[in-house]
Every structure is written in structure tokens, then in C-alpha cells.
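Have a look at the structure below, then the notes.
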There are 2 protein chains.
Amino acid sequence: MKNDNWWCGRFRGCGYKLTVPREAILDVLSLTDKHLSAEDIYLAVHKKYPTIGLTTVYRTLDILVSIGLIYKFDFCDGRARFELAEDSKGKKHHHHLVCTNCGRIVDYTDFIDDEIELLQLTEKGLSKKYNFKITGHLIQFYGLCDKCR
Amino acid sequence: MKNDNWWCGRFRGCGYKLTVPREAILDVLSLTDKHLSAEDIYLAVHKKYPTIGLTTVYRTLDILVSIGLIYKFDFCDGRARFELAEDSKGKKHHHHLVCTNCGRIVDYTDFIDDEIELLQLTEKGLSKKYNFKITGHLIQFYGLCDKCR
DNA sequence: ATTGCTACTGAAAACCATTTTCATTAAATG
DNA sequence: CATTTAATGAAAATGGTTTTCAGTAGCAAT
Ligand SMILES: [Mn+2]
Ligand SMILES: [Mn+2]
Ligand SMILES: [Zn+2]
Ligand SMILES: [Zn+2]
């Protein structure tokens, strides 16, 4: 196990051990631009390390979400889906376009300038009015993709 | 069964029969400002009509979502939650503030005008760029409520 | 290197919200 | 009222996720 990966520091800092399954799972997530389910990840990891179990995948994903290394999404297809968080690997903050017919998901970062500005204003306003400490947001547009419309 | 409820037209228009369970379920949803789960609704309905089954609640909720009378949300507590759609009963379009600690959900309509304006711009832009026909959006802010922060 | 302490692991079983099945009942229509 | 067909409730099944538990491996101290 190499201890020089970009995420080792964050991992150790939270008191977690570095293990083969955890590294393998992070590798899979680093190398895709898709939104993988736990089973997708299990299958991908399984090719290289056939002994790693689905249970460990679920457990690792929980940890990765809790320390903010990945995001967990619900695109309403009956399973959770995961994606590397932004800072992590040259990833940009983005929102999602979801096709309600075929399930296709498009990441978009366009128009984000106006959006970011309004989001920050809204967060500030909500924060004050409802006395919430806002830590994140979820923004998804639903519709029909070019193939399904 | 009274046939003069505001939603009877919409219901019949879609080819669905008017039944006691369906009326009871809509009644429950009309009378709350909370975001109820299928089981919440089942329990509430059960007080007045103890014979109505949970299965029927699930089936009715599916229909109500499909004809746009209610919305289905996932607030990440392991079950779907439902809420009357806007036009329906003096309800206003709103977004949600979700406490990630205690699960409290706040409806907010503040800032909604600016948000709507930006949303329409964004939808138009996305529509053109990705050739999506956009039909809806989901916007939620996450954080800690006044009691949990 | 070896040890000891724990956290981590995989397999199997359990969990639990939701869906399916199927025999029965009730709504609609004329 | 009779006919048609959708709707119903109970029970069983489903399937993604979580829990249990006995064995294993990371890693800090020796
Ligand atoms: Mn994405
Ligand atoms: Mn609401
Ligand atoms: Zn599509
Ligand atoms: Zn709270």
C-alpha cells in the first residue's frame, strides 16, 4: 500500500486506517465520470480484488461520505449513487440534469456564476431568517433528454 | 362519497375511480403542513377507516404523484415523504431547508422570486445546450437548525 | 521483527420500505 | 339490477442496505 496518495492525509487525520479495499474503492471513484452505485463499485473493485465484499464497499462509502471525500445522491432509481467530491481531483462543483425516462445524468457547470451568486445570497438570507447553519445544497433539474423527449 | 371535491375532476379525467381510501388519503394530505411518509398517512387514515391497508396507501400515492396532485421527496431518512402540490389548495411553490441532525424540514418561500427568475434562466440555458425538455427541479439546502447547531 | 491492541473485514443473516400476487369487492355505466 | 373492470387488503416477495460475528490485518509500541 502506498501512503503517498492525495487522500491519505485526510484519511489518517480522521483516525481511519489505510486498507486495500479503501484504496481500491477510491481508485474506482477517481477514474470514472459516472455516478456509480454501491454495486457498480463492488463489481469494478471485484475485477482487481475478487475478495473484497459488498459489505465493505457500503461501509467504506459511508466513511467517505462522512469525511466529505465523496457525495451521495438519490436519482430516484432505487439505489444511492456516489461521486467524488469537488476539491478532490480537479473536480468542479456542479449540479445535475436528470432524465426521468432513461435515467441519464448530465453534470453541468454552466451558468454557475449567476447560480452561485444567488445561492450565496439565498443561503445568507435563510441562515439569518431561520437561524440555520447551512452546510450544503442539492440542485437537480428533471426532464427528458434529447433521446427521450 | 361526495363527488364535489376540488380534485374529483382531475381524478376522473385521468380514468381513475373515486374511492373511499383515495378520498381519505387526500384528506389527510390536505389537512397537514408536514411532510408525511406512507406509514404516517396509513396511520392517520387508519383512525377513521381501520380497514384501509398500507398497500392501498402506497398505490394511491403513486397515482397522486403521477397525476401531479402531490410531490414525493427524499429527505434521506430512509423513507419517501409526500406533500400536496402547489396549485392544489392555496399552497405556494417552495423549497426546503433540511436539518441534517434532527431531520427537521422547513418550507421556505422567501427569496423564491429571485430564485424562480434565475431558475427560469438556467432552465432555458440548459434546455438549449443539452437539448433537455426540463419539467421540474429539486432544490434543498442542508444544514443545522437552531436547536442542533 | 514481534507483539498486542483494535479497527477492519467478508459471509451470512437480518432489516425494512416498497412492490407484487391473487382472490375478493366495489365503482361506474346504462 | 347486471355487467364490466378497476380497486382493494392480506400475505408473500423483493432488493438495497445494515447488522452480526468470528476471523484478519493495520500500525504503534516494544
Ligand atoms: Mn455529478
Ligand atoms: Mn414542503
Ligand atoms: Zn433519457
Ligand atoms: Zn435540527
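All heavy atoms count here, side chains included; hydrogens, waters and symmetry mates do not. The sequence lines fix the lettering, A, B, ..., with proteins before strands; numbering per chain opens at 1.
No contact: G15(B) has no heavy atom under 4.0 Å from any strand. S37(A) comes within 4.0 angstrom of nothing in the nucleic acid, heavy atoms only.
Of the two residues contacting DNA chain D, namely R22(B) and P50(B), the nearest-nucleotide position lying further toward the 5' end is that of R22(B). Residues T60(A) and T55(A) each lie close to DNA chain C; by heavy-atom proximity, the contact nearer the 5' end of the strand is made by T60(A). With the nearest nucleotide of DNA chain C identified for both K17(B) and A80(B), A80(B) has the one nearer the 5' end.
The nearest whole Å value for the distance from the CD1 atom in I63(A) to the C1' atom in dG26(D) is 14 Å. The CZ atom of F11(B) sits 13 Å away from the P atom of dA27(C) (whole-angstrom rounding). For the pair R79(A) CZ and dT18(D) C1', the interatomic distance rounds to 17 Å; values are reported in whole Å. Rounding to whole angstrom units, CG of residue D74(B) and P of dA17(C) are separated by 14 Å. Residue L18(B) contributes atom CG, which lies 15 Å from atom C1' of dT8(D) at whole-angstrom precision. Rounding to whole angstrom units, CD of residue E39(B) and P of dT18(C) are separated by 9 Å. In this entry the distance linking OH of Y49(B) with P of dG9(D) reads 12 Å, nearest Å. Here dG16(D) presents its P atom at 12 Å from CG of L43(A), a figure rounded to the nearest Å.
Between dG26(D), dT17(D), dT8(D), one nucleotide has an atom nearer to the side chain of Y58(A) than all others, and that is dT17(D). Comparing dA7(D), dG9(D), dT18(C) by their nearest atom to the side chain of Y16(B) picks out dA7(D). Set against dT20(D), dC22(C), dT5(D), the side chain of R59(B) has dC22(C) as its closest nucleotide.
H94(A) and E83(A) form a side-chain donor-acceptor contact under 3.5 Å, judged by distance and modelled atom types alone. A side-chain N or O of S37(A) and one of D40(A) form a donor-acceptor pair less than 3.5 Å apart.
Distance CD1/I70(B) to CG/D62(B): 8.5 Å, rounded to 0.5 Å.
For C102(A), the side-chain contact (heavy atoms from CB on, under 4.5 Å) criterion is met by C99(A), R104(A), C145(A), C148(A), not counting sequence neighbours.
When the options K92(A), H35(A), H95(A) are evaluated for a side chain to side chain donor-acceptor pair (under 3.5 Å) with D107(A), the one that passes is H35(A).
For dA7(C), neither phosphate oxygen OP1 nor OP2 lies less than 4.0 angstrom from any side-chain nitrogen or oxygen of T19(A).
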